[in-house]
Amino acid sequence: MSDAASEKNTALMEKIVSLCKRRGFIFQSAEIYGGLNGCWDYGPLGTELKRNLKEYWWRKNVQEREDILGLDGSILTHQDVLKASGHVGGFSDPMCDCLLSKARLRADQIEPLSGTAYHYTGASHDESGWSVDRPYSVLIWGNQDENKARKTAKQYYAQFLTDKQIAPKKLELAGETNEELTETTKYNPENGSLLTEPREFNLMFKTHMGASADDGDESAVAYLRPETAQSIFVQFKNVAETNRVKLPFGIAQIGKSFRNEINPRNYTFRSREFEQMEIEFFCRAEDGLALTDEWLERRLTFYEEIGIPREHLHILDIPDGERAHYSQKTYDIEYEFPFGIQELEGVAYRGAYDLSKHKEHSGKPLDFFDDETKEKLVPHVVEPSAGCDRTILALICEAYDEETVTDEKGKEETRTVMRFAPRMAPVKVGVFPLLKNKPELVEKARDVQSLLTPHMNVFYDETAAIGRRYRRQDEIGTPFCVTIDFDTIGESGDELKDTVTLRHRDSMEQERISIADLRSFLLDRIA
RNA sequence: GCGGGUAUAGCUUAGUGGUAAAGCCCUAGCCUUCCAAGCUAGUUAUGUGGGUUCGAUUCCCACUACCCGCUCCA
């Protein structure tokens with residue numbers, strides 16, 4: 001991305017964020033207390049949008065399918081579940097930072113070195129009277145010159161200089177001592193600079209169960225789940241035994257997950273608390289790869305149905321060596337966000353890894369008896385795992401549009417429109433009396449509102465000029481507006497009586513429709 | 001986590017070491033017959049905590065949050 005394009009996209013993202021706040025889609029969490037890093041709240045419209053997404057996903061993937069069942073697992077998770085899955089232990093690699101280059105290194109992958117460590121207590125610059133007092137050391141090894149240690153140390157201390165004009169080599173080092181070290185991993189093999197102490201980077205939120213549990217009680221440790229998938233695997237046997245299922249079949253779940261991201265970024269894209277929509281689709285080993293491709297197609301169709309065209313999606317076929325070791329096939333479905341192409345969903349063929357691990361750790365049989373082949377097996381699994389909040393953000397970015405409209409006087413102005421697919425739109429229809437000081441119009445508009453309210457989210461508005469009301473609805477993505485005028489109440493004769501103006505968001509075109517046809521007309525278009 | 005930047009009303013922006021301004025939005029009223037009309041009135045702000053000062057929104061420090069670039073992303 002060029003700098004100019006990058007700046008344009010940053011500006012676009014700022015406008016989207018601003019609209020989301022102004023119109024009540026998304027707010028910063030705990031804003032009045034300064035905000036909570038990586039956490040966001042959905043306002044009234046954002047909540048409607050998210051409900052529409054989750055309900056559509058649930059309907060398509062659970063209710064309209066005989067072979068997928070729902071689950072709603074607890075968020076607090078038994079520590080043994082996450083030990084079995086590898087989330088505890090496996091993903092908490094201690095990391096060190098290089099004090100000179102700021103590079104981050106995995107502590108267990110640092111090459112041990114033997115050599116001479118040169119220690120310093122600080123540095124100074126006599127001419128300017130500047131000095132700094134902090135310990136540092138450099139390792140030299142092999143046939144390296146000891147002056148290399150001094151040069152490196154001066155570069156390190158130079159970063160604290162207030163006057164950047166002073167060259168590092170003009171500094172005087174203080175308190176030089178040296179010692180021989182063997183097999184040390186405290187120094188960066190790249191440049192010999194001292195590293196920070198290793199620090200843990202486990203991204204799970206840890207807590208203690210029970211009111212009296214103290215921090216030292218290891219048996220009371222529980223975690224907020226880092227993914228919804230694990231409760232599906234852990235409950236696999238219960239679901240399978242209580243529901244007369246046969247392979248292949250799936251278990252689906254929508255719910256919150258938590259990761260203590262080091263660096264939340266890009267608005268709601270990488271949050272510490274987020275919602276997932278996941279399916280674990282269990283199958284026979286021989287069907288796994290084909291089902292993975294099938295699910296990819298099905299998921300792409302889903303995104304089209306909610307208004308994200310395929311040409312804005314990218315499919316990443318994760319190559320060998322970059323997939324998790326147990327996965328024979330993984331696709332990432334990515335979307336072109338203004339801040340870059342980023343993942344919305346992963347479709348992964350995970351083999352029998354998860355159930356096998358839980359079988360092994362729990363000691364409980366998690367085999368499935370296949371009635372067709374009369375054999376016991378641990379099913380394989382295909383996992384389409386979508387980020388709900390990420391999809392919401394994609395819907396918002398995709399919908400955002402500005403167009404220039406010219407009024408009758410030739411004046412140009414910008415119309416901001418959220419072009420949500422009608423089935424996702426938070427508000428389906430706006431109902432307006434043309435004028436609010438004519439009781440007949442208001443009464444008729446209220447009748448139309450009552451007619452539609454049981455079937456969809458309706459917004460009634462009688463304030464300001466009719467054009468303003470249309471534009472307000474454009475900005476929140478309401479696909480249709482209905483205006484009750486004097487024709488509706490029969491002032492132009494019986495032919496137009498009980499008809500209303502129906503105005504389309506995208507084209508701004510208007511058509512006349514009878515109130516009797518209104519409900520089915522709208523329902524057909526928002527299903 | 002590192003480096004850089006930013007923080008004034010719901011939004012977009014002014015401005016000042018001594019009473020914080022405007023536009024848009026919003027609310028109420030009047031008016032108004034289809035694309036952000038007009039008039040009147042009204043609500044709302046210097047992110048948090050320290051310091052310097054008689055006095056700080058302004059200067060300094062710290063913190064928090066957001067943005068950008070790295071880094072990370074099971």
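Proteins come first, then strands; the chains are lettered A, B, ... in the order of their sequence lines, and each starts at number 1.
In this structure, A:E403 atom CD and B:C35 atom C1' are separated by 11 Å, rounded to whole Å. Taking atom CZ of residue A:F27 and atom P of nucleotide B:C66, one finds them 16 Å apart after rounding to whole Å. To the nearest angstrom, P of B:G1 lies 13 Å from CD of A:E261. If you take CG of A:N188 and C1' of B:C2, they are 15 Å apart, rounded to a whole angstrom. Atom CD of A:Q28 is separated from atom P of B:C11 by 11 Å (rounded to the nearest Å). Straight-line distance from the CZ atom of A:R225 to the C1' atom of B:A74: 16 Å, rounded to whole Å. Atom CG in A:L36 sits roughly 13 Å away from atom C1' in B:C66 (whole-Å rounding). A:K438 places its NZ atom 7 Å from the P atom of B:U33, with the value rounded to the nearest Å.
Atom name P, nucleotides B:G50 and B:U57: the rounded distance is 12 Å, in whole Å. Annotation: B:A28 and B:A22 have their P atoms spaced 23 Å apart (nearest Å). Between B:C61 and B:C67, the two P atoms lie 24 Å apart (nearest whole Å). If you take atom P in B:C34 and the same atom in B:G29, they sit 22 Å apart, rounded to whole Å. As rounded to the nearest Å, B:G23 and B:U64 have P atoms that lie 38 Å from one another. Going from the P atom of B:G1 to that of B:G55 covers 36 Å, rounded to whole Å. Rounded to the nearest Å, the gap between the P atom of B:U48 and that of B:G10 is 13 Å. The separation of B:A65 from B:C25, taken at their P atoms, amounts to 34 Å, rounded to a whole angstrom.
Side-chain contact between A:K50 and A:E275 is present, with at least one heavy-atom pair separated by less than 4.5 Å. By the 4.5 Å heavy-atom criterion applied to side chains, A:F269 and A:F339 are counted as neighbours. You'll find the side chain of A:C39 stays beyond 4.5 Å of the side chain of A:S271, heavy atoms only. Within the 4.5 Å cutoff, no side-chain heavy atoms of A:T499 are placed close to those of A:I513. At a threshold of 4.5 Å between non-hydrogen side-chain atoms, the residues A:K428 and A:R525 do not count as touching.
Nucleic acid contact class of A:D487 (heavy atoms, under 4.0 Å, all strands): none. Residue A:E343 is classed as having no contact, given no heavy-atom separation below 4.0 Å to the nucleic acid. Within 4.0 Å (heavy atoms only), A:Y267 reaches sugar-phosphate atoms of the nucleic acid but no base atom. Heavy atoms of A:G43 sit nowhere under 4.0 angstrom from any nucleic acid atom. Residue contacts shown for A:I466 are limited to sugar-phosphate atoms, with no base heavy atom under 4.0 Å away. At the heavy-atom level, A:R415 lies nowhere under 4.0 Å from the strands shown.
The existence of a salt bridge linking A:R272 and A:E261 is excluded, since no basic side-chain nitrogen approaches an acidic carboxylate oxygen closer than 4.0 Å. A salt bridge does not link A:E334 with A:R390: none of the charged nitrogens is closer than 4.0 Å to a carboxylate oxygen.
When the nearest nucleotides of RNA chain B are assigned to A:L434 and A:P226 by heavy-atom distance, the more 5′-ward of the two goes with A:L434. Residues A:Q510 and A:P264 both approach RNA chain B. Their nearest nucleotides, taken by heavy-atom distance, put A:Q510 toward the 5′ side.
Taking every heavy atom of residues 12-22 of chain A and every atom of RNA chain B, pairs under 4.0 Å involve A:S18, A:K21, A:R22, by number. Contact check of residues 467-482 of chain A against RNA chain B (heavy atom, cut-off under 4.0 Å) returns A:G467, A:R468, A:Y470, A:R471, A:R472.
Listed for the A:E278 side chain is a donor-acceptor partner under 3.5 Å among the backbone atoms of A:A229.
Of the candidate nucleotides B:C73, B:A74, B:U32, B:A74 has the atom nearest to the side chain of A:L203. Picking from B:C35, B:C68, B:C34 the nucleotide with the shortest atom distance to the side chain of A:R503 gives B:C35. Taking only side-chain atoms of A:L435, from C-beta outward, the nucleotide of B:U32, B:A74, B:G69 with the closest atom is B:U32. Nearest to the side-chain atoms of A:K436 among the listed nucleotides B:A74, B:C34, B:C31 stands B:C31.
Applying the 4.0 Å criterion to OP1 and OP2 of B:U64, one finds that A:N37 has every side-chain N and O outside that range.
None of A:Q510, A:R505, A:H504 except one satisfies the side chain to side chain contact (heavy atoms under 4.5 Å, CB included) rule with A:S507; the exception is A:H504.
Both tests do not hold together for A:R225 against A:Y223: distance to the six-membered ring centre under 6.0 Å, angle to the ring axis within 45°. Under a cutoff of 6.0 Å and an axis angle of 45°, A:R503 and A:Y470 form a cation-pi pair. Judged by the 6.0 Å and 45° rule, A:R446 forms a cation-pi pair with A:Y460.
Here the two rings, on A:F25 and A:Y42, have centers that are 6.0 Å apart or farther. For A:W295 and A:F281, the distance between ring centers is under 6.0 angstrom.
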How does protein contact run along nucleotides 42-48 of chain B, one letter per nucleotide 5' to 3', with B for base contact, S for sugar-phosphate only, - for none, heavy atoms under 4.0 Å? -------
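Ring-plane geometry between A:Y353 and A:Y326 is classed as parallel, the angle between the planes falling under 30 degrees on a 0 to 90 degree scale with a further cut at 60.
Residue A:R23 places no side-chain atom within donor-acceptor reach of the base of B:G10, judged by atom type and a 3.5 Å distance cut-off alone. Judged by distance alone with a 3.5 Å cut-off, no donor-acceptor contact links the side chain of A:N263 to the base of B:C72.
A search for ring-ring contact (aromatic ring centres under 6.0 Å, His included) contacts involving A:F521 returns nothing, not counting sequence neighbours.
Taking a pair as Watson-Crick or G-U wobble with both distances under 3.5 Å, the runs of three or more consecutive pairs in RNA chain B are B:1-7 with B:64-70, B:10-13 with B:21-24, B:26-30 with B:38-42, B:47-51 with B:59-63.
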What donor-acceptor contacts under 3.5 angstrom involve side-chain atoms of residues 430-440 of chain A, with partners at least two apart or in another chain?
none

